[in-house]
Each structure stands twice: as C-alpha cells, then as structure tokens.
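Please read these numbers as outputs of a predicted model, since none were measured by experiment. Each chain gets a letter, A, B and so on, in the order the sequences are listed, and its residues count up from 1.
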Amino acid sequence: MAHWLMKSEPEVFGIDDLAAGPTPWDGVRNYQARNWMRDTMRVGDGVFFYHSNCEAPGIVGLAEVASTAYPDPTAFDPEDPHYDPKSDPANPRWYLVDLSYSRHLRRNITLAELRQYADGPLEGLALLRRGNRLSVMPVTPQQWQFILALE
DNA sequence: GCCAACGTTGGC
DNA sequence: GCCAACGTTGGC
C-alpha cells in the first residue's frame, strides 16, 4: 500500500468539501502528478490532504484513493476552465482518481512544523523541497508513520 | 499583493 | 534541440 500527499486550496476545495462525499480529483495538468495517479495509485492508498495557498498551509486530514485512474472528463469540455484541446478522447492526456474522505486530523500539522524535520525523518519529502509545486506526491511508509505520530 | 521557482510553449 | 518568454504555483 502506497501513501501520498495531495494539495488543495481550501478556498477552492477544502477538507470539509471532501467530507461531503467521494470526489473525482479533476483538473490536474502536471505530467508528474498525472503519472503517479495513472500508473501507481491503487484503491485504498492513504492520502494526506494538504491545504495550500492559505494562511496556515499544512496537512489537515486523511483521505483514501477510491478508484483506479480514468480519463479526466474536464479536459474534453470546452466550457471547463481545465479544458485542454490537445487531450483527445481516443488518446486522453489527463487522468484522475476518485478521492474519498477518511477523517480530519485533530489539528493542522503545518508546513512550518514539517520543515523542522526536513533534515531528519522527513528528509527527501517532496513537499519540503525548495520551490516545490507538485500537487500530488508520494510519501514513504516511514514518513507517513512519522507525520501521523505528530498528530 | 509580491515574487521566486518552476513547467510549458513556441520561435528559430 | 535550445532557450527566452510566459503563465502558474504557493509561501510569505
């Protein structure tokens, strides 16, 4: 079972929105993020749900991968802000998985706090790399356990 | 709101 | 295939 961290802007789609029901994680337009969703994610994988671009960025909840990958329908919809005319339904460029809510963390484990361990237990965590912009990234089992224990 | 870092695009 | 220009991300 693999583990992941996925970012979302709380003003667009936050943990409370996720709690309302399983959600197609559409709109990802980054190849590396896509590859992980399409090629590596499996149903039941654990996900840290991270709030970005907000007052206190950090991990606020847990989610689960709820489907294998399938083509992102928003790429085919000219009315959608994530429309990509280069994604051909016969050969889709963008994929997504469904995410389901597991629970809120009892507190926000902030980016600032995680950074304290950047040279220790969380060394190599993509989130902590300078200039990181990935919205979907892997978390090792050791990192997963360590972060959960901070709660 | 600022701006550094990054990925993508497109001219050549 | 290079690389400058551009748009986006996301912390602060």
Side-chain angles (χ1 to χ4, degrees), chain A residues 2-20 23-41 45-65 69-140 142-144 146-151:
Chain A
H3 300 90
W4 308 93
L5 184 147
M6 297 172 75
K7 294 180 186 172
S8 188
E9 302 191 21
E11 296 206 353
V12 178
F13 191 93
I15 184 72
D16 293 329
D17 299 304
L18 182 68
T23 304
W25 207 248
D26 59 31
V28 173
R29 298 291 180 267
N30 170 282
Y31 288 103
Q32 203 172 357
R34 177 207 67 183
N35 290 347
W36 272 315
M37 290 199 291
R38 186 189 61 186
D39 304 333
T40 313
M41 279 192 183
D45 283 358
V47 177
F48 284 137
F49 195 85
Y50 178 92
H51 278 175
S52 67
N53 203 12
C54 58
E55 189 175 344
I59 299 168
V60 295
L62 303 182
E64 235 179 60
V65 175
Y70 57 97
D72 183 343
T74 65
F76 309 133
D77 178 3
E79 302 300 313
D80 192 280
H82 298 292
Y83 175 58
D84 181 357
K86 293 176 188 162
S87 186
D88 173 4
N91 185 19
R93 175 178 295 203
W94 304 114
Y95 284 76
L96 55 75
V97 298
D98 293 343
L99 267 198
S100 64
Y101 171 82
S102 298
R103 66 177 178 89
H104 282 62
L105 293 187
R106 290 191 290 276
R107 66 184 188 88
N108 178 3
I109 301 177
T110 65
L111 177 63
E113 181 176 355
L114 295 170
R115 274 201 203 290
Q116 297 173 11
Y117 306 102
D119 296 325
L122 298 183
E123 188 175 13
L125 182 65
L127 181 73
L128 304 179
R129 279 204 299 264
R130 199 171 128 72
N132 161 68
R133 285 171 46 187
L134 261 184
S135 62
V136 176
M137 68 190 75
V139 175
T140 69
Q142 293 79 9
Q143 291 163 348
W144 177 270
F146 179 81
I147 292 168
L148 268 187
L150 294 175
E151 183 184 13

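Listed nucleotides C/dG11, B/dT9, B/dG7 differ in distance to A/R115; the shortest reach to its side chain belongs to C/dG11. Taking the side chain of A/N30 as heavy atoms from C-beta on, and the options B/dG7, B/dG10, C/dC12, the nearest nucleotide is B/dG7. With B/dG10, C/dG11, B/dT8 as the candidates, the nucleotide lying closest to the side chain of A/Y31 is B/dT8.
Side-chain N or O atoms of A/Y101 include one that pairs as donor or acceptor with a backbone N or O of A/H104 at under 3.5 Å.
In this entry the distance linking CG of A/D84 with P of B/dT8 reads 12 Å, nearest Å. One atom, CG of A/L114, and another, P of C/dC12, lie 12 Å apart when rounded to the nearest Å. Taking atom CD of A/Q32 as the reference point, atom C1' of C/dT9 lies 15 Å away to the nearest angstrom. Distance, A/L5 CG to C/dT9 P: 17 Å, rounded to whole Å. A/E11 places its CD atom 12 Å from the P atom of B/dG1, with the value rounded to the nearest Å. Rounded to whole angstrom, the span from the CG atom of A/L134 across to the C1' atom of C/dT9 amounts to 11 Å. Summarising the geometry, the separation between CG on A/L128 and P on C/dC12 is reported as 11 Å, rounded to the nearest angstrom. Residue A/M137 contributes atom CE, which lies 14 Å from atom P of C/dT9 at whole-angstrom precision.
A centroid separation of 6.0 Å or more is found between the aromatic rings of A/Y95 and A/Y70.
Scored by the side chain to side chain contact (heavy atoms under 4.5 Å, CB included) test, A/S52 finds A/K7, A/E9, A/Y50 as partners (sequence neighbours excluded).
When the side-chain nitrogen and oxygen atoms of A/K7 are compared with OP1 and OP2 of C/dT9, none of them lie within a distance under 4.0 Å.
Sorted by first and then second residue, the pairs that involve residues 69-81 of chain A and meet salt bridge (Lys or Arg N to Asp or Glu O under 4.0 Å), not counting sequence neighbours, are A/R29-A/D72.
Between A/L148 and A/F48 the shortest side-chain heavy-atom distance falls below 4.5 Å.
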Handout entry: Stepwise salt bridge (Lys or Arg N to Asp or Glu O under 4.0 Å) check, A/E64 with A/R103
Key = CA-CA 10 Å; A/E64 235 179 60; A/R103 66 177 178 89; over 6 Å; no
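Only A/Y50, A/S52, A/N53, listed by number, bring a heavy atom of residues 49-56 of chain A to less than 4.0 angstrom from any atom of DNA chain C.
Between A/W94 and A/Y31, the ring-plane angle classifies as tilted under the 30° and 60° cut-offs.
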